[in-house]
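As structure tokens, the structure follows; a few thoughts come after it.
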2 protein chains.
Amino acid sequence: MKNGPDIAALASLIGDPARANILAALMGGKALTAGECAAEAGISAPAASGHLAKLLDAGLLVVLVQGRHRYYNLAGPDIAEAVETLMGLAARVGLRRTRPGPREAAMRKARFCYDHLAGDAATALFARLVDNGMLVAQADGLGLSPGGRLRFLAEGIDIAALEAKPRPLCRACLDWSERRPHLAGSLGAAIARLAIERGWCRREAASRAVHVSPDGERALLALAEPASDRTPDAGGQDADQSKHPARRA
Amino acid sequence: MKNGPDIAALASLIGDPARANILAALMGGKALTAGECAAEAGISAPAASGHLAKLLDAGLLVVLVQGRHRYYNLAGPDIAEAVETLMGLAARVGLRRTRPGPREAAMRKARFCYDHLAGDAATALFARLVDNGMLVAQADGLGLSPGGRLRFLAEGIDIAALEAKPRPLCRACLDWSERRPHLAGSLGAAIARLAIERGWCRREAASRAVHVSPDGERALLALAEPASDRTPDAGGQDADQSKHPARRA
DNA sequence: TTGATGTTTTGGCGAAGAGTGAAGCATTGT
DNA sequence: ACAATGCTTCACTCTTCGCCAAAACATCAA
């Protein structure tokens with residue numbers, strides 16, 4: 001009974017409404033200052049500071065000090081994944097925060113899950129990647145087939161550089177709104193960056209929600225089509241793909 | 001901020017040490033009476049009753065009334081999966097409950113994760129199933145290839161019956177001790193039943209830990225070998241041959 | 001250096017909730 | 001029918017913990 005990791009300490013940390021709000025806000029992927037966190041969570045600045053210190057102490061957050069600003073962010077993708085899982089269970093069990101609302105509909109369509117895309121559009125992309133044989137099962141999870149590798153290399157994504165990192169290249173992250181997987185891992189993050197850079201989608205102001213243009217959605221799904229039979233359909237946004245080397249750290 | 005599921009209510013529910021202990025105990029997969037839960041969590045019977053009522057009310061637990069006994073169990077595999085994810089994050093972040101201890105080593109080797117096997121032995125099985133092309137990626141997650149289906153039919157597992165259920169047949173559940181996936185879903189549960197029935201492993205008294213015999217481990221891994229190579233047996237001694245990760249359709 | 005802004009620390013209040021013990025219900029056995 | 005067992009509910013005490021207000025601290029601009 002007294003074996004295993006201390007799940008209670010972790011869950012109780014997430015269980016506080018103020019801290020949960022902060023974590024949910026940070027799921028958008030961009031770092032927030034203490035003051036912004038306070039505004040997001042609807043608490044005073046001192047309260048936020050205390051909560052952030054606890055989350056930091058537990059290793060869930062990292063902080064980047066820049067002058068008098070302190071930018072807090074999730075410590076890593078695994079933490080985002082656990083929060084996403086919790087959200088999924090909460091949604092399934094029927095614990096909604098309020099009524100669905102219009103804002104939530106936008107989040108279901110597309111949103112950021114820390115550093116990669118989630119929601120309806122992202123699960124659709126995952127499904128096509130699998131159907132076209134680019135994503136395959138692998139002993140340690142999910143992998144990229146040779147064909148998939150070529151396809152993303154053609155888009156200027158440096159797969160070898162991604163593989164050099166300790167973080168797995170591909171991971172299936174279970175979407176909380178859809179109940180199907182979307183692509184996480186360093187490749188998922190690279191695709192999200194690509195989508196933003198090329199204007200396929202734009203992030204909403206202070207929310208995880210992402211607005212995907214119709215052309216952008218087509219271009220996103222076109223990533224799953226093999227390089228050979230790629231048909232330049234109505235999406236005109238992706239004409240400038242050749243001038244993006246897309247080498248990132 | 002005010003979107004999405006109420007993660008705080010859920011996490012705060014899990015965050016109480018007593019409730020976390022109860023959930024951890026129920027992760028073993030077998031239903032416990034209120035009194036047993038109290039003993040597991042180290043609290044009084046009324047306290048346990050109150051906690052169980054809350055978990056029940058939130059839909060995390062189900063209860064089976066039999067005479068004067070009330071058997072509590074996890075409400076479903078998805079809840080077990082979320083708890084397993086939390087355990088993984090807690091372990092990674094470094095929140096151990098106490099010292100590692102010998103008990104935990106046994107749990108790392110093999111244990112029950114609600115209704116399927118987890119731990120070193122289970123992740124090894126998963127890896128071989130993938131290498132031998134029995135588990136393949138699928139648009140909605142993970143699927144069983146025709147070859148895999150034949151193999152498990154040969155073991156007497158009624159795949160069609162499993163597919164008829166709403167629960168997915170195969171799921172990749174991230175192991176908290178290993179950081180690799182093991183097989184969950186109804187097929188994972190069926191394999192665990194098989195392993196118990198055939199004596200490949202036996203459950204420890206009041207723990208999630210499972211003791212796997214050397215022969216049992218070989219037999220378990222032999223499930224991943226294509227049907228043509230083997231004859232259906234009960235305790236394969238000869239499972240070790242030169243392996244060809246042959247790709248099957 | 002002075003002033004302004006962002007952030008953290010302290011002290012004290014207040015409310016939420018966990019625990020205990022005793023009583024109330026249901027079921028089982030003699 | 002009576003007693004015993006297992007579980008739940010109730011009433012109460014107590015600790016815990018989060019919040020706010022004010023102040024201390026650090027950094028940047030003038």
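As a basis for the values below, the full set of heavy atoms in this structure was taken, side chains included, without hydrogen atoms, waters or symmetry mates. Below, read A as the first sequence line, B as the second, and so on, with proteins coming before strands; counting in each chain starts at 1.
- In terms of phosphate contacts, B:Ser49 brings no side-chain nitrogen or oxygen within less than 4.0 Å of OP1 or OP2 of D:dC7.
- The CG atom of A:Leu52 sits 16 Å away from the P atom of C:dG6 (whole-angstrom rounding).
- Side-chain proximity of B:Arg19 to the nucleotides C:dA18, D:dG18, C:dG19 is greatest for C:dA18.
- Look at CG on A:Asp16: it is 11 Å from C1' on D:dC19, rounded to the nearest Å.
- Comparing C:dT7, D:dG18, C:dT28 by their closest approach to the side chain of B:Arg68 singles out C:dT28.
- For B:His69 and C:dT27, the NE2 to C1' distance is 9 Å, given to the nearest whole Å.
- For the pair B:Arg203 and B:Phe112, the cation sits on the ring face: its NZ or CZ lies under 6.0 Å from the ring centre, inside 45° of the axis.
- Put simply, CG on A:Leu55 is 12 Å from P on C:dT8, counting in whole angstrom units.
- Screening B:Ile79, B:Asn21, B:Leu55, B:Leu32 for a side chain to side chain contact (heavy atoms under 4.5 Å, CB included) involving B:Leu26 leaves a single residue, B:Leu32.
- Taking the side chain of A:Ile43 as heavy atoms from C-beta on, and the options D:dC19, C:dT7, C:dG19, the nearest nucleotide is D:dC19.
- Within the nucleic acid shown, B:Tyr71 has no heavy atom closer than 4.0 Å to any nucleic acid atom.
- Counting to the nearest Å, the P atom of D:dT27 and the CG atom of A:Leu64 are 14 Å from each other.
- When the P atom of C:dT7 is taken as reference, atom NZ of A:Lys54 falls 19 Å away, rounded to whole Å.
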Could you go through A:Ile7 and B:Leu23, starting from their C-alpha distance and side-chain angles, then the distance that decides it, and tell me whether this counts as side-chain contact (heavy atoms from CB on, under 4.5 Å)? CA-CA 10 Å; A:Ile7 172 182; B:Leu23 286 173; 5.7 Å; no
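- Nucleic acid contact class of A:Ala18 (heavy atoms, under 4.0 Å, all strands): sugar-phosphate only.
- Rounding to whole angstrom units, NE2 of residue A:His51 and C1' of C:dT7 are separated by 15 Å.
- Both A:Ala48 and B:Gly35 lie near DNA chain D, and the one whose nearest nucleotide falls closer to the 5' end is B:Gly35.
- In the set C:dA18, D:dC20, C:dT8, C:dT8 carries the atom at the smallest distance from any side-chain atom of A:Arg70.
- Taking 4.0 angstrom as the limit, A:Ser44 places a side-chain polar atom (N or O) nearer than this to OP1 or OP2 of D:dC20.
- For the salt bridge (Lys or Arg N to Asp or Glu O under 4.0 Å) criterion with B:Asp115, the lone passing option out of B:Lys30, B:Arg167, B:Arg193 is B:Arg167.
- Looking at B:Arg111 and B:Asp120, no side-chain N of the basic residue comes within less than 4.0 Å of a carboxylate O on the acidic one, giving no salt bridge.
- Between B:Thr33 and D:dC7, a side-chain N or O to OP1/OP2 separation shorter than 4.0 Å is present.
- Taking only side-chain nitrogens and oxygens, A:Tyr72 never comes nearer than 4.0 Å to OP1 or OP2 of C:dT7.
- If you take CG of A:Leu61 and P of C:dT8, they are 12 Å apart, rounded to a whole angstrom.
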